[in-house]
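Remarks on the structure that follows.
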Amino acid sequence: MGGVLRAEPLWVETFTGLRMDRFAKLVKAVRERGRNGPGGGRPWCLPLPDRVLLVAVYYRTNLTMRQLAPLLGISPTTVCRVIQRLRPLLALERTPRPVTDTERLWIVDGTLIPVLDRKVGASSRNYRFSANVQVIIDAETRLVIAAARPPPGNKADAHVWRASDLPALAAGTTVIADGAYLGTGLIVPHRKRAGRLLLRGQEEDHAERRRVRARVEHTFARMRNWKILRDCRRKGDGLHHAVQAVATLHNLAVAR
């Protein structure tokens with residue numbers, strides 16, 4: 001029985017949240033990374049656009065392999081192989097930062113993503129086994145700049161920041177964060193000492209930074225439209241690849 005899900009405007013926009021022109025950019029990026037199929041042997045039963053659509057739909061809906069298979073008229077085993085092959089190719093691509101771009105304002109924050117793999121997550125403050133996902137966004141464009149490899153969710157944000165490759169990426173750029181990043185060298189809110197009030201200028205500065213930092217929370221909320229980040233069932237590097245792919249899809253969706 002043939003499937004109904006195809007890389008056509010109706011299905012792409014409905015199931016991925018991307019306009020067809022943005023989806024075409026995604027397919028082009030995957031093709032340019034040189035993985036249109038195996039080098040030899042049996043070819044894929046689906047063309048590349050349909051396979052990319054399959055992975056995007058999987059991340060958007062978090063359906064199981066058995067649920068996805070009838071939509072494309074393939075077996076659950078083939079669905080699994082397609083996702084395994086293409087998921088690294090949807091990863092967020094870090095573009096070199098111009099030397100003159102040092103005045104850009106970036107925001108970093110972390111969020112907890114529930115996972116099933118006990119080797120990836122840990123019991124966290126959300127009372128679930130979770131991983132700590134650290135993301136940097138551009139304060140002006142709201143685009144995701146980078147996302148670190150997720151450690152267990154019982155790690156503090158400051159520790160995760162220091163152990164990741166994000167500090168090297170953000171070197172020379174103004175980065176603001178919340179109070180959990182105290183002592184990391186980032187711009188954090190003024191500390192309110194016991195029995196002492198903040199000065200008027202500090203209160204105003206604190207309020208302005210809070211308004212700016214809210215943008216990263218909005219980004220996390222939009223990224224969770226891809227339901228794989230609400231309850232990730234993938235093991236090993238599955239969550240890392242999912243976060244990178246969702247960052248790519250989010251940037252395509254919100255880019256002007």
Side-chain angles (χ1 to χ4, degrees), residues 1-95 113 135 141-147 219 222-256:
M1 181 181 70
V4 297
L5 194 61
R6 291 290 182 268
E8 299 172 354
L10 173 63
W11 304 114
V12 169
E13 295 176 10
T14 301
F15 280 89
T16 70
L18 299 177
R19 297 200 306 268
M20 195 61 195
D21 59 331
R22 302 296 171 86
F23 179 75
K25 290 183 179 180
L26 180 64
V27 175
K28 181 181 178 182
V30 172
R31 180 178 287 113
E32 288 176 350
R33 293 177 184 182
R35 298 293 181 87
N36 191 24
R42 187 175 181 179
W44 291 101
C45 60
L46 293 175
L48 180 61
D50 286 356
R51 281 180 277 141
V52 174
L53 176 62
L54 166 60
V55 181
V57 170
Y58 171 65
Y59 287 145
R60 183 77 171 185
T61 63
N62 205 19
L63 295 173
T64 65
M65 309 299 168
R66 290 179 179 273
Q67 292 168 328
L68 285 170
L71 293 177
L72 291 108
I74 56 179
S75 68
T77 304
T78 303
V79 172
C80 184
R81 286 201 300 266
V82 170
I83 294 174
Q84 288 289 111
R85 175 62 69 89
L86 290 188
R87 65 182 189 177
L89 305 180
L90 272 67
L92 180 66
E93 184 175 0
R94 298 181 181 180
T95 56
I113 302 298
V135 168
T141 63
R142 317 293 178 94
L143 299 178
V144 177
I145 302 298
T219 298
R222 284 191 291 268
M223 290 177 68
R224 284 194 176 90
N225 287 332
W226 284 269
K227 293 182 174 58
I228 190 72
L229 299 187
R230 298 186 185 186
D231 189 9
C232 184
R233 300 186 299 269
R234 307 298 295 177
K235 295 183 178 180
D237 288 336
L239 175 61
H240 174 61
H241 290 143
V243 171
Q244 296 292 325
V246 168
T248 299
L249 295 168
H250 166 269
N251 286 355
L252 287 171
V254 304
R256 298 173 183 174

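Between Val57 and Trp11 there is no side-chain heavy-atom pair separated by less than 4.5 Å. Side-chain contact between Gln67 and Thr61 is absent, with no heavy atoms from C-beta onward closer than 4.5 Å. You'll find the side chain of Leu54 reaches within 4.5 Å of the side chain of Val79, heavy atoms only. Val30 is not listed as a side-chain neighbour of Val55, based on a closest heavy-atom distance of 4.5 Å or more. Side-chain contact check for Arg234 versus Leu239: every heavy-atom pair is 4.5 Å or farther apart. Counting only heavy atoms from C-beta outward, the side chains of Leu249 and Leu26 approach each other to under 4.5 Å. Met65 places a side-chain heavy atom less than 4.5 Å from the side chain of Tyr58.
Considering every non-hydrogen atom in both Arg60 and Thr16, the closest pair reads NH1-O, 3.6 Å. The two residues Leu90 and Arg33 make their nearest non-hydrogen contact at N-NH1, 3.9 Å. In this structure, Ala253 and Trp226 approach most closely via the heavy-atom pair CB-CH2, 4.3 Å. Considering all non-hydrogen atoms of both residues, Ala7 and Leu53 come closest at N-CD2, 3.7 Å. Smallest separation of non-hydrogen atoms from Val243 and Ala147: CG1-CB, 3.8 Å. For the pair Arg233 and Leu63, the tightest heavy-atom approach, listed with the atom from each and the gap, is NH2-O, 3.2 Å.
Residues meeting the side-chain contact (heavy atoms from CB on, under 4.5 Å) test with Lys227, sequence neighbours left out: Asn62, Arg230. In this view, Pro88 and His241 satisfy the side-chain contact (heavy atoms from CB on, under 4.5 Å) rule, not counting sequence neighbours. Judged as a salt bridge (charged side-chain N to carboxylate O under 4.0 Å, His left out), and not counting sequence neighbours, the contacts of Arg19 are Asp21.
To the nearest 0.5 angstrom, Met223 atom CE is 7.5 Å from Ile113 atom CD1. Taking OG1 of Thr14 as the start and CG of Leu5 as the end, the distance is 9.5 Å to the nearest 0.5 Å. Considering OG1 of Thr78 and CH2 of Trp44, their distance stands at 7.5 Å, rounded to 0.5 Å. Atom-to-atom distance recorded for Ile74:CD1 and Cys80:SG is 10.5 Å, nearest 0.5 angstrom. Atom CE in Met20 sits 11.0 Å away from atom CG in Leu10 (nearest 0.5 Å). Rounding to the nearest 0.5 Å places OG1 of Thr77 at 9.0 Å from CZ of Arg66.
The backbone N or O of Arg6 lies less than 3.5 Å from no partner atom in the side chain of Asp50, so there is not a single donor-acceptor pair. Distance alone, capped at 3.5 Å, places no donor-acceptor pair between the Asn251 side chain and the Leu143 backbone. Looking at Arg51, its side chain never comes within 3.5 Å of a backbone N or O of Val82 through a donor-acceptor pair. For the pair Arg22 (side chain) and Ala255 (backbone), a donor-acceptor distance under 3.5 Å is present.
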- Message: Apply side chain to side chain contact (heavy atoms under 4.5 Å, CB included) to residues Arg31 and Val52 and explain how you reach the verdict.
- Response: CA-CA 10 Å; Arg31 180 178 287 113; Val52 174; over 6 Å; no
